[in-house]
Amino acid sequence: MANYYTDHPEIGFHLNHPLMKRIVDLKERNYEDKDKFEDAPVCYEDAIENYKRILDITGDVAANIIEPNSEAVDQEGPHLENGRMIYASKTYENLDATRKAGLWGISMPRRYGGLNLPNITFSMLSEIISAADAGFQNVWSLQSCIDTLYEFGTEEQRQKYIPRIAAGETMSMDLTEPDAGSDLQRVMLKATFDEENNCWRLNGVKRFITNGDSDIHLVLARSEEGTKDGRGLSMFIYDKRDGGVDVRHIEHKLGIHGSPTCELTYKNAKAELCGSTRLGLIKYVMALMNGARLGIAAQSVGVEQEAYNEALAYAKERAQFGKKIINFPAVYDMLSRMKAKLDAGRSILYQTARYVDIYKALEDIARERTLTPEERKEMKLYSRLADAFTPLAKGMNSEYANQNAYDAISVHGGSGFIMEYKCQRLFRDARIFSIYEGTTQLQVVAAIRYVTNGTYLGIIKEMEDAINHVKEAANNDLHDFLARRLYNMTAEIIMSLLILDDASRAPELFAKSANVYVRYAEENVVGHHAYIKEFKADDLADFLAAEPEAAPAE
């Protein structure tokens, strides 16, 4: 029987990383739950075995329930009835299966009914479910919104909402509005305090809300009257049981059809403040977005894997000119690059997740006691690394998912353009990954300061020449114009180092991918370096002067 975890030993390999011992010890607080909860581990080895067991269960559910349902979900999609979103019928089967398997409340402490799993394991689970159906992964993985409520909500709110998520209720983060996409400072959904009922009331419209008719929403709204920037925004908790929010429209999308994207109308909807006023965008949305970006990176790796699987299987079976097409050098070269990008992409995803785990666990411990100077130093280090690596993991993997899905169609030839083959759905699903939760261009913006301030240079001295050339020019337009090339150079060098490290520890799994990826990265880095070195500010001025002037706004 197929299993999306055990069929891919490359996933389990990452449970053996040297940082895992520190992660588990921090997450388990030296195994203090062992006397309180029957399923709590008693030692490091026990915890790792528990992770493997949950991954195995998820791999079984993904391969034998979610994936077989994926085509029907893609064809039916969600629909609208009387102001409510109705999932595709097979999505309800997926929800039921994951609830019965106990795959909710993944990251939450056991005292709230959660599984207390680290981010690295959650990322693995997300990858596995995404490989089966990227659209359902959106619905399932948004349970991670509860991390923000856990981190910033009150103890009363934790006890009220977290057990519901652990039991399988769904979540959404309601941020975007018709006039506030990437520029969330323009959010205008109005929050006013109802003195009589001692609650907040929300009024306005939200657009492009993934899983928008969920059970529990985290909502960004304007609580400070007369403000127009991010300092007037706060975060609120809306409970669907209280009513006041209707689904006005469900978007008809290119892909991820199982994931409903809704337009919502808030009409005097009752809500609770999460955390403090005025910090909604500045602090809480940033926490939400960083978690979501890591989730998209995992989603992307899942599709990278499935696209490779489909292409490889087809190439092994399809014969042309008297031999299987996998034996054609052009096809084999394409497949080897797909596998190399997959393995390197997975490596940076899990490295980022490990960095997040360490600093988040230390932050959580800091709520209970004062950290030692060594712990504060450790938290600061891994927080910085997580911030630096997250835009690399999201940006590169979302692009690789698109590339692998594209190449899977190419391997299929004309058949890849036929709707009966899965690769066309993977191609449609992947396209959104480099757009939502921050486009690749925004990941470049997020990462470029770590490129130019030297954060990465402790790892990759090879980039110094190109970086200095850009810095010495002291030209912001030139800096922005060349940022994408610096970003790609950084990511590909770091991912080369990571895949080489993987190959040194498990050559039977990664030696081929390391060889291909390093040569692929070298080819790109040399090209980017040459372009940057030869590019002058005058060239940019000439380029901009050649551009036609924009038409006047109407």
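Numbering starts at 1 and runs along the sequence shown. Every value quoted in this text rests on a predicted model; they were computed, and no experiment measured them.
No more than 12 heavy atoms of other residues, nucleotides or ligands shown are found within 6.0 angstrom of CZ on R186. A 6.0 Å sphere centred on CZ of R231 holds no more than 12 heavy atoms belonging to other residues, nucleotides or ligands. By the 6.0 Å contact criterion, NZ on K240 is enclosed, its count of non-hydrogen atoms from other residues, nucleotides or ligands being greater than 12. Heavy-atom neighbours of K283 NZ from other residues, nucleotides or ligands within 6.0 Å: at or below the threshold of 12. By the neighbour-count criterion of 12 heavy atoms within 6.0 Å, atom CG of N197 is densely surrounded, having more than that number from other residues, nucleotides or ligands. Within a 6.0 Å radius of NZ in K90, other residues, nucleotides and ligands contribute 12 heavy atoms or fewer. At most 12 heavy atoms of other shown residues, nucleotides or ligands fall within 6.0 angstrom of atom CD in E38.
Remark: side-chain polar atoms of Q75 are not paired, donor with acceptor, to backbone N or O of A72 under 3.5 angstrom. R248 contributes no side-chain N or O that, together with a main-chain N or O of E263, makes up a donor-acceptor pair within less than 3.5 Å. Side-chain atoms of E76 come within 3.5 Å of backbone N or O of S89 as a donor-acceptor pair. Of the possible polar contacts, none joining the D133 side chain to the I66 backbone as a donor-acceptor pair under 3.5 Å is found. Using modelled atom types, one side-chain atom of Q443 and one backbone atom of G438 make a donor-acceptor pair closer than 3.5 Å. Between the side chain of N402 and the backbone N or O of A430 there is at least one donor-acceptor pair closer than 3.5 Å. Judged by distance alone, with hydrogens and angles left aside, the side-chain atoms of R99 form no donor-acceptor pair with the main-chain N or O of A167 at under 3.5 Å.
A donor-acceptor contact closer than 3.5 angstrom links the side chains of S107 and D147. For the residue pair N3/D60, the side-chain donor-acceptor check at 3.5 Å is not satisfied. N397 and S300 are not linked by any side-chain donor-acceptor pair at a separation below 3.5 angstrom, with hydrogens and angles left out of the test. Side-chain atoms of E304 and Y308 form no donor-acceptor pair, as typed in the model, at a separation below 3.5 Å. A donor and an acceptor atom, one from each side chain of N404 and D407, are nowhere located under 3.5 Å apart. Between the side chains of S126 and Q299, no donor-acceptor pair of N or O atoms lies under 3.5 Å. If you check the side chains of S398 and S434, you find no donor sitting under 3.5 Å from an acceptor. At a cut-off of 3.5 Å, with distance as the only test, no side-chain donor of R318 or S415 sits close to an acceptor on the other residue. A donor and an acceptor atom, one from each side chain of Y161 and E272, are located under 3.5 Å apart. In this structure, a donor-acceptor pair under 3.5 Å is absent between the side chains of S172 and N211. T227 and R222 share a donor-acceptor pair across their side chains, judged by distance under 3.5 Å alone.
To the nearest 0.5 angstrom, F13 atom CZ is 12.0 Å from Y350 atom OH. To the nearest 0.5 Å, atom CG of residue L125 and atom CG of residue L115 are 9.0 Å apart. Atoms CD1 and CE, on I326 and M334 in that order, are 12.5 Å from each other to the nearest 0.5 Å. With rounding to the nearest 0.5 Å, the separation of CZ in F136 from CG in L95 is 4.5 Å. Within the model, atoms CG of L189 and NZ of K206 stand 5.0 Å from one another, a figure rounded to the nearest 0.5 Å. Distance OG1/T265 to CG/D246: 5.0 Å, rounded to 0.5 Å.
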Using the salt bridge (charged side-chain N to carboxylate O under 4.0 Å, His left out) rule, take K160 and E155 through it: C-alpha gap first, then chi angles, then the decisive distance, then the call. CA-CA 9 Å; K160 179 179 179 181; E155 180 58 26; over 6 Å; no

Working note: E363 + Y359, criterion side-chain hydrogen bond (donor to acceptor under 3.5 Å, both in side chains); need CA distance, chi angles, decisive distance, verdict. CA-CA 6 Å; E363 275 190 345; Y359 98 82; 5.2 Å; no

Show the numbers, then the answer: is there a side-chain hydrogen bond (donor to acceptor under 3.5 Å, both in side chains) between Y87 and D213? CA-CA 10 Å; Y87 291 117; D213 203 14; over 6 Å; no

side-chain hydrogen bond (donor to acceptor under 3.5 Å, both in side chains), that's the test. Do N119 and D357 meet it? Break it down for me. CA-CA 6 Å; N119 215 296; D357 272 323; 4.8 Å; no

Residues D194, K270; criterion salt bridge (charged side-chain N to carboxylate O under 4.0 Å, His left out); working and verdict: CA-CA 9 Å; D194 181 346; K270 180 182 177 183; over 6 Å; no

With side chain to side chain contact (heavy atoms under 4.5 Å, CB included) as the criterion, how do I348 and F389 come out once you've worked through the C-alpha distance, each side chain's angles and the decisive distance to 0.1 Å? CA-CA 8 Å; I348 197 169; F389 270 59; 4.0 Å; yes

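With sequence neighbours excluded, no residue satisfies ring pair (Phe, Tyr, Trp, His ring centres under 6.0 Å) with Y4.
The two residues A393 and T352 come nearest to each other via the heavy atoms CB-OG1, 3.6 Å. Across every non-hydrogen atom of L175 and L220, the tightest pair is CD2-CB, 3.8 Å. Residues Q137 and G295 share a closest heavy-atom pair of NE2-O, 3.5 Å. Heavy atoms only, all atoms of each residue included: L103 and Q143 are closest at O-NE2, 3.2 Å. R164 approaches D215 most closely through the heavy-atom pair NH2-O, 4.3 Å. The two residues P391 and Y487 have their closest heavy-atom pair at O-OH, 2.7 Å.
Residue pairs meeting the ring pair (Phe, Tyr, Trp, His ring centres under 6.0 Å) criterion with at least one partner in residues 396-421, sequence neighbours excluded, are Y314-H412, H412-Y421.
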Under 3.5 Å donor-acceptor pairs involving side-chain atoms of residues 337-346, not counting sequence neighbours:
unit_1	atom_1	unit_2	atom_2	d
R337	NH2	E523	OE1	3.4
K339	NZ	E10	OE2	3.3
K339	NZ	D343	OD1	3.2
K339	NZ	D343	OD2	2.6
K341	NZ	Q403	OE1	2.8
D343	OD2	S513	OG	2.5
R346	NE	E127	OE1	3.3
R346	NE	E127	OE2	3.2
R346	NH2	E127	OE2	2.6
R346	NH2	Q305	OE1	2.8

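Exactly one residue among K394, R431, R484 makes a salt bridge (charged side-chain N to carboxylate O under 4.0 Å, His left out) with E399. That residue is R484.
Look at K100 and D96 and you find a salt bridge, because one of the NZ, NE, NH1 or NH2 atoms lies within 4.0 Å of a carboxylate O, short of that distance. The pair R84-E81 does not meet the salt-bridge criterion, since no charged nitrogen lies less than 4.0 angstrom from a carboxylate oxygen. Between D429 and K422 there is no salt bridge, since none of the side-chain N atoms of the basic residue sits less than 4.0 Å from a carboxylate O of the acidic one. Taking 4.0 Å as the cut-off between side-chain N and carboxylate O, E177 and R207 do not count as a salt-bridged pair.
Two rings, from W104 and F122, have their centers 6.0 Å or more apart.
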